[in-house]
Structure formats: structure tokens, C-alpha cells
Amino acid sequence: STLGQSKKLLANYFSFKFNTSSGDDWVHKYVLQVQPEVPNDSVIMRKLVRRAKYELREKLQILVVYWDCLYSMANLPDLPEINVEFPGNTTTYKVKVQWVQQITPADRDMLVFYKIFLNWMMERGQLKRIGIGKHFDPSKSQPLKQCECWPGYATALSTFESGVLFNVNPTNKFIMEQTALDVMRNLKSRGSNMKEAVAKELLHRGVMTRYNQRIYWVEDIDYDMNPTKTFTLNEKGATWEISYKDYYKEKYGYDIKDLD
């Protein structure tokens, strides 16, 4: 005989429910076929995917993009071919969005669809993704001593017998007020081997750029560069040389004062 008492347990897992015109939650996979062919990881392919998404957004309803694949709630086997041209490029690309299959809850593609959709949904809520499965709200930042605290959510998606479920828990991110430049100046003032000390302190660590609140991973430091150096900017089909100082002023309205 079985001893003990049965207990009902609750967990913070949630399922997704989409309101679609067809009334179902089926996901359909499409793939981009391009002539002439271009590499899947190329800049041109990313531009073609964005153009196809824009052109077909009304027909394909809820749409998620992953490399050269598109996922939609709409089942449309026959979609019109799109001719795409870019400024400064004489090539006309013929783009065909081809229906591949209907995704079932047990398919790995379903997990891919939900992960990308979840990230998109968080971004629409003005949340910043930092790391894997973590999103934070900088607008609700709380100032603390020498740092600030961003509230956020740690999320995970898992596949169960009933399909893909969404798990969410509260979390926080602490952002130091000290900048990377402040760290370098402090180390230099100590009179130690600056490059060695800076490498120990900053390499393989995350830093956040205030002008767009993005997180970057420091892999190396180029001491031969400074804000007066120039790079080639390619924007809207035009190409020109611009200094980092001028670029940040024009793009973000930031005046870089330390030019060494």
C-alpha cells in the first residue's frame, strides 16, 4: 500500500497562448531562397531577411526570424516572390519565402521560436538583456553606494510533455558607477605596470556603454587607438571616413574630452 498524503504543488511555469485569425497555436516554418545565392551569415542575407519580414508582415502575422528561417502562425504555402535592390549595389536579388513544415510542440524548432519571441517581447517592454535569459529594467534603477541596482527577470524555456513552458523568477543586476577609464586612471596613479594591471582588472569582464546601455565583453585593449583616429562608416549606401570623436558626437550627442 502507498503511505502518506497527496499534495498539490504549484510552480511558476506558464504556457503561451496566441490570438491568431485562424484560432490555433500552430507554428509554421519558412525558409528564404535567394537568387543569386548569398551566405546565410552575410550582411546581405540579414538585410534580405529584414526586407522579407517587412514586405510580408501583414500576411504572416506573428513573425519570428532565425538566420534564413522565418516562423509564423500563418500557413501560407504560396507567397509572392520579392525583388530587392540596395543603393550602391547593381544586383537584383530574387527572394522567395518557401513554406517548409508545421512545427509540433515536441520539435526543437518550437523552442527556437519561443526563445526568439520571448526576447522580442522583453525588448518591446524596454527591458535590456544582459547574459543568457536575463532581462533588466534600467528605468527602475535604484541608486546605491558606488553602484546602482536594476530590477529584472531570469527566464527559462523548457520542453515538457504538454509542450514548451515558460519559467520566470525575479533577479537584480548591480552596475558600478566607476567607468573603465576611471579604473585605468587609478591603476596608472599607483605607478605599477599599467598595461599588466589593466589587463588583470578589465579583460574578460563585461562593460556597459551608457549611451545605448549595451553590455560588451572586453577581449583585448588597443593602446594605439584614441578618439581622434578615423574609421570607414558605411551608412545608407554612402561611405566616408570619420573620427570616433565626431561619430559619437553626431550619433549619440556625446563629447569625448579625453583624447589621449
Side-chain angles (χ1 to χ4, degrees), residues 16 18-22 24-104 107-130 132-133 135 157 164 209 211-217 231-242 247 250-252:
F16 288 93
F18 294 95
N19 294 321
T20 62
S21 59
S22 60
D24 59 44
D25 281 347
W26 298 116
V27 176
H28 298 271
K29 182 178 180 179
Y30 299 80
V31 66
L32 253 67
Q33 298 176 343
V34 181
Q35 291 295 331
E37 293 184 359
V38 297
N40 287 347
D41 59 348
S42 66
V43 174
I44 292 294
M45 177 57 84
R46 291 196 291 270
K47 289 182 178 179
L48 292 172
V49 170
R50 287 197 295 269
R51 180 66 66 85
K53 181 179 178 180
Y54 176 79
E55 296 284 347
L56 301 173
R57 65 191 185 284
E58 292 185 2
K59 293 182 179 181
L60 290 177
Q61 301 177 34
I62 296 174
L63 185 64
V64 162
V65 175
Y66 183 69
W67 292 99
D68 62 337
C69 296
L70 287 79
Y71 299 89
S72 169
M73 312 303 292
N75 180 11
L76 298 171
D78 297 313
L79 290 169
E81 187 175 82
I82 304 170
N83 292 327
V84 180
E85 295 179 350
F86 298 110
N89 189 335
T90 58
T91 304
T92 298
Y93 297 95
K94 297 184 181 296
V95 181
K96 176 67 176 177
V97 179
Q98 183 67 45
W99 183 89
V100 178
Q101 68 182 102
Q102 178 177 289
I103 306 301
T104 67
D107 288 333
R108 179 175 176 79
D109 279 289
M110 183 66 83
L111 194 60
V112 172
F113 170 81
Y114 280 132
K115 282 183 177 179
I116 299 173
F117 176 78
L118 177 61
N119 287 334
W120 172 82
M121 186 173 64
M122 291 292 190
E123 289 173 2
R124 287 289 298 269
Q126 303 301 310
L127 299 179
K128 294 289 183 180
R129 183 173 64 173
I130 302 177
I132 299 175
H135 297 80
L157 291 165
V164 177
T209 45
Y211 51 82
N212 59 5
Q213 294 180 329
R214 288 186 178 180
I215 304 296
Y216 296 88
W217 191 252
F231 68 98
T232 302
L233 181 63
N234 190 334
E235 197 170 80
K236 298 180 180 179
T239 301
W240 68 95
E241 291 290 316
I242 187 171
Y247 174 78
E250 295 177 12
K251 183 74 173 180
Y252 300 107

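Values reported hereafter were calculated over all heavy atoms of this structure, with side chains retained and with hydrogens, waters and symmetry mates removed.
- Between Leu76 and Leu56 the shortest side-chain heavy-atom distance does not fall below 4.5 Å.
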Verdict with reasoning, Val65 to Ile116, per side chain to side chain contact (heavy atoms under 4.5 Å, CB included): CA-CA 8 Å; Val65 175; Ile116 299 173; over 6 Å; no
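- Shown here are the side-chain hydrogen bond (donor to acceptor under 3.5 Å, both in side chains) partners of Thr91, two or more places apart in sequence or in another chain: Asn89.
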Please report, to 0.1 Å, the donor-acceptor pairs under 3.5 Å made by any side chain of residues 36-46, with sequence neighbours excluded.
unit_1, atom_1, unit_2, atom_2, d
Ser42, OG, Pro39, O, 2.8
Ser42, OG, Met45, N, 3.2
Arg46, NH1, Asp41, O, 3.4

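- Pairs passing the salt bridge (Lys or Arg N to Asp or Glu O under 4.0 Å) check and including a residue from residues 107-126, sequence neighbours excluded, read Lys29-Asp109.
- Remark: Pro77 engages Asn75 in a side chain to side chain contact (heavy atoms under 4.5 Å, CB included) (not counting sequence neighbours).
- Remark: Trp120 pairs with Phe117 by the ring-ring contact (aromatic ring centres under 6.0 Å, His included) rule, at least two apart or across chains.
- By the side chain to side chain contact (heavy atoms under 4.5 Å, CB included) test, Trp217 pairs with His204, Glu219, sequence neighbours left out.
- With rounding to the nearest 0.5 angstrom, the CD atom of Glu81 is 9.5 Å from the CD atom of Gln33.
- Counting heavy atoms of neighbouring residues, nucleotides and ligands inside a 6.0 Å radius, atom CD of Glu58 does not exceed 12 of them.
- Residues His28 and Phe113 form no side-chain contact, since every pair of their non-hydrogen atoms from C-beta on lies 4.5 Å or further apart.
- The cationic group of Arg50 does not satisfy the cation-pi geometry with Tyr54, failing either the under 6.0 Å distance to the six-membered ring centre or the 45° limit from the ring axis.
- Here the side chains of Tyr71 and Val100 are not in contact, with every heavy-atom distance at 4.5 Å or above.
- When the ring-ring contact (aromatic ring centres under 6.0 Å, His included) test is applied to Phe231, the partners found at least two apart in sequence or on another chain are Tyr244, Tyr247.
- Checked against side-chain hydrogen bond (donor to acceptor under 3.5 Å, both in side chains), Gln101 has no partners two or more places apart in sequence or in another chain.
- Inter-residue side-chain proximity for Val64 and Val27 is flagged as unmet; no heavy-atom pair is nearer than 4.5 Å.
- In this structure, Tyr66 has no side-chain hydrogen bond (donor to acceptor under 3.5 Å, both in side chains) partners at least two apart in sequence or on a different chain.
- Every side chain to side chain contact (heavy atoms under 4.5 Å, CB included) that Asn212 has, sequence neighbours left out, goes to Thr209, Arg214, Tyr216, Tyr252.
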Could you give me the CA-CA distance, side-chain angles and deciding distance for Trp67 and Val31, then say whether side chain to side chain contact (heavy atoms under 4.5 Å, CB included) is met? CA-CA 9 Å; Trp67 292 99; Val31 66; over 6 Å; no
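- Closest of all the heavy-atom pairs between Ile103 and Trp26 is O-CE3, 4.1 Å.
- Listed by chain and residue number, Thr230, Thr232 satisfy the side chain to side chain contact (heavy atoms under 4.5 Å, CB included) test with Glu241 (two or more places apart in sequence, or in another chain).
- The minimum heavy-atom distance between Val97 and Ala52, with the atom names listed, is CG2-CB, 4.2 Å.
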